[in-house]
Amino acid sequence: MATVSYNSNAIFIDNKSEIIISGAVYYPRATPAMWPAILRESKNAGLNTIETYVFWNLHEHQRGHYDFTGRLDLPHFLDLCHQQKLHVILRIGPYICAETNFGGLPPWLLDVKGLVARTNNEPFKHHMLEWCKVLMAKVGDYQATRGGPIILAQLENEYNNVAARYGQEGQAYVQWCASLAPILGLTVPMIMCEGQAQGVISTLNGFIVAKSVARHRQHHPNQPVLWTENWPGWYDTFGYRHHTRDRREIAYNVMRFFAAGGTGVNYYMWFGGTNFAREAMYLQTTSYDFDAPLDEYGLPTGKSRHLGRLHQAILANKAFLVSGRDPKINVLVPPMEGQTLPQLAVYNFKHGNESLLFAINSQKIAADVTAGHKALHLEPQSAQLLKQAGDRTRVIFSSHEKPTRLISRNWKPLDLDLDWREFAEPLVRPKLPGVTLDCPVSMLPHTRDLTDYAFYNTELTSAVARTVTLTLPMVRDFSTVFLNAVRIGSQPARLLENNSGEQWKHTYRIPLRKGRNTLQILVSALGLIKGDWMIDAPMTEEKKGLIGHISIDGKPVRLAWQLSVGLMGEYLRCFQEFPGQLVPWCRLSPRTAAPLRWFRTTFGSLSADALGYAIHPGSLCKGMFYLNGHHLGRYWQLPALEQKEAGDENVLIPGSPVGEPAQCYYHLPKELLQKVNTLVVFEETTATPRGLHVHERTTA
Ligand code: GAL
């Protein structure tokens, strides 16, 4: 059993002060077979702590059915952390944001009458508490205070993002979250990031937080300064360029943070991984690589090696940073107007007869300085860490040092000679669950978020043959219109991440024939939003499907609708070896160009020694991949238009060119491979998988 406490300088574990060097690794975004190597590589890079969110949305996707198996085996993940002697920061949420479906909340909450999430709302608090109790029964014993690895626990997440919407009621809710500790048996200190309750450690998130440390200490004088989310890259969304962040700039900002008085950092993400199946939030790519120090395949990168050297240098000298004395700061160029940190300075942390020095140049020009007895040349926006003993001063880390060994990775296509079969998704689907509607409504209560797809079917009668304008008042997210079994078109061409309406109205010209016409609108969803701001309303107002009466030539028409849930291929489980074999698969015809097709192929065993495997979709456009019955995720090969803005810090660099999809390779986990492998694709457009290749990750 250990005690966990804190003062203004550090977290104390068993009365020993710690500098926290933590990395976010989210267990569902890797396969369990990947966990040991990821944790080992994390340890090798000097991490002493792993941070994970808990994914209520995945553990209880269907109400009352709890899943802690496979990728969701959190106790096993915690055991592995413990075995590696890594502490754990458990961010319970249960609202977690995290670019996961519905920000970590289970979608069935949408069916609970009167429920509004993340405010002082009894139904929400009731379900949140029920879940937290189930969770704590599983992981409560993993707290350090009971002999386990968990040293800190977070409830809620970045409440400031929604605080204005919920006002006093919101504050009452946050305070209620803090009061749950005794009810849940939480005996380690509680943290909250960017919006906190009284009595809880308040923490910082951001690309660069050094500038906020002094103010944070004034507001929270008895707390250590923890940086819960240091973003070493960013997430990607379909249709926008991939993001990257430079390892030198990250190291420089971590050094500025510790020099300014920080005592713990968590890289969000250290390992980003993959949003398997339908687990990604709206528009988020299947890859959650994040340009994280460990790549999507769990492999070390130049970034993890570089930061690893910084971590080792800091941890070997932690006594200087936790000793409780503020550094002596030699300010060589004072802060710019309106800023808090000097532009050029040497920070001297003394301990006994020795010193730890941070020489920091935040200017956009290089600078020559003397730190201790050492003359240094500092690159623009760079930092060096030095150790001084007697009259000897030596550099122990430089943010801009050149890598000793370059790690470069590549992809090599495998020559598998794939033979594809196809199965056309039928438009007439008598077997599928259906419901009659007087007016189109959100499909979520009917799909229960078990599928992205639903058909809204109706009939239109026309006295004469004529082409009319069909208006769908609200569609979330895509519509594909079929008139008399002929595809008319799909909308929209691309999506905005924060979408409060501009793209919901779809308009088509449709050629009605005289008499009865069948109108079918296939709606496909692309994940639930992660927070209120994405729809500018409480997130529990999230909807998918066709909503509201359609209009013909501007006039609303009331029709009888049949909502048919899911795809026939899903219903027949055509992606599984059995019963998938029973589906009438046909040879891929060289001539047909029909939308909505399932494709299936098999290939033999692949070497287990490879670093990793991925699918390159070739000319496929939008759909889903399955391997041996496992849903690997959604794909959408939309060429990127522009860089998406992420904060105002200007630290992200576009990592892929305009015109290239945000994601080109889709993780094929080694753990799911068999002697004979069945790969199934569902494609929404007329594209085929002829150009699809399986690639191997190589060191090159
Ligand atoms: C933070 C949030 C995380 C994640 C991150 C972006 O604001 O707390 O959960 O969404 O942004 O990657």
Side-chain angles (χ1 to χ4, degrees), residues 22-29 50-58 89-105 117-118 152-164 174 177 191-196 200-209 212 226-238 240-245 250 265-275 279-294 296 497-498 527-535 539 643-649 651-652 655 662-663:
S22 170
V25 174
Y26 297 162
Y27 53 98
R29 287 182 169 145
I50 294 295
E51 178 266 311
T52 185
Y53 276 134
V54 180
F55 290 71
W56 182 18
N57 55 343
L58 309 185
I89 300 173
L90 193 72
R91 298 210 289 166
I92 296 170
Y95 170 78
I96 59 173
C97 198
E99 290 68 67
T100 186
N101 198 43
F102 213 28
L105 302 181
R118 306 184 68 198
L152 297 170
Q154 178 183 303
L155 285 183
E156 250 298 324
N157 190 74
E158 292 194 336
Y159 199 76
N160 286 347
N161 285 341
V162 295
V174 175
C177 292
I191 58 171
M192 284 189 181
C193 59
E194 301 292 336
Q196 80 294 336
V200 167
I201 303 177
S202 164
T203 68
L204 296 164
N205 292 351
F207 288 108
I208 300 170
V209 302
S212 314
L226 300 174
W227 184 2
T228 25
E229 292 188 26
N230 171 13
W231 304 314
W234 198 243
Y235 61 90
D236 292 324
T237 43
F238 288 121
Y240 300 87
R241 295 164 80 183
H242 169 60
H243 300 89
T244 57
R245 189 176 175 191
I250 302 167
V265 61
N266 173 53
Y267 294 92
Y268 182 110
M269 298 298 299
W270 177 259
F271 160 81
T274 310
N275 288 299
E279 296 168 12
M281 74 155 180
Y282 165 76
L283 204 59
Q284 161 68 52
T285 54
T286 291
S287 169
Y288 199 65
D289 178 77
F290 218 92
D291 199 32
L294 300 184
E296 188 179 353
E497 180 176 329
N498 289 351
L528 304 188
I529 50 155
K530 66 173 171 180
D532 292 12
W533 58 93
M534 294 175 88
I535 52 169
M539 61 188 291
Q643 180 67 14
K644 184 178 60 104
E645 288 306 317
D648 55 358
E649 313 279 10
V651 294
L652 294 173
Q663 181 171 357

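Whatever order the structure lists ligands and atoms in, that order sets their numbers, starting from 1. Quick caveat: nothing in here was measured; it's all calculated off a predicted structure.
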Completion exercise
ring pair (Phe, Tyr, Trp, His ring centres under 6.0 Å) filter on Tyr288, not counting sequence neighbours, yields Phe290
Handout entry: ring pair (Phe, Tyr, Trp, His ring centres under 6.0 Å) against Tyr267, all qualifying residues, sequence neighbours excluded
Key = Trp270, His311
Practice task
May I ask you to decide if the ring planes of Tyr53 and Tyr268 are parallel, tilted or perpendicular, using 30° and 60° as cut-offs?
Solution key: perpendicular
Where does ligand 1 get N/O contacts under 3.5 Å from the protein, atom by atom?
| from | atom 1 | to | atom 2 | distance (Å) |
| --- | --- | --- | --- | --- |
| ligand 1 | 7 (O) | Glu158 | OE1 | 2.3 |
| ligand 1 | 7 (O) | Glu158 | OE2 | 2.9 |
| ligand 1 | 8 (O) | Tyr53 | OH | 3.4 |
| ligand 1 | 8 (O) | Asn157 | ND2 | 2.9 |
| ligand 1 | 8 (O) | Glu158 | OE1 | 3.3 |
| ligand 1 | 8 (O) | Glu229 | OE1 | 3.3 |
| ligand 1 | 8 (O) | Glu229 | OE2 | 2.7 |
| ligand 1 | 9 (O) | Tyr53 | OH | 2.7 |
| ligand 1 | 9 (O) | Ile96 | O | 3.1 |
| ligand 1 | 9 (O) | Ala98 | N | 2.8 |
| ligand 1 | 10 (O) | Ala98 | N | 3.4 |
| ligand 1 | 10 (O) | Glu99 | OE1 | 3.3 |
| ligand 1 | 10 (O) | Glu99 | OE2 | 2.6 |
| ligand 1 | 12 (O) | Glu99 | OE1 | 3.0 |

Practice task
Can you run down the salt bridge (charged side-chain N to carboxylate O under 4.0 Å, His left out) pairs that involve residues 153-162, sequence neighbours left out, and say none if there aren't any?
Solution key: Arg118-Glu156
Handout entry: Any side-chain heavy-atom pair of Met192 and Thr203 under 4.5 Å
Key = no
Handout entry: Minimum side-chain heavy-atom gap Glu229-Asn157 below 4.5 Å
Key = yes
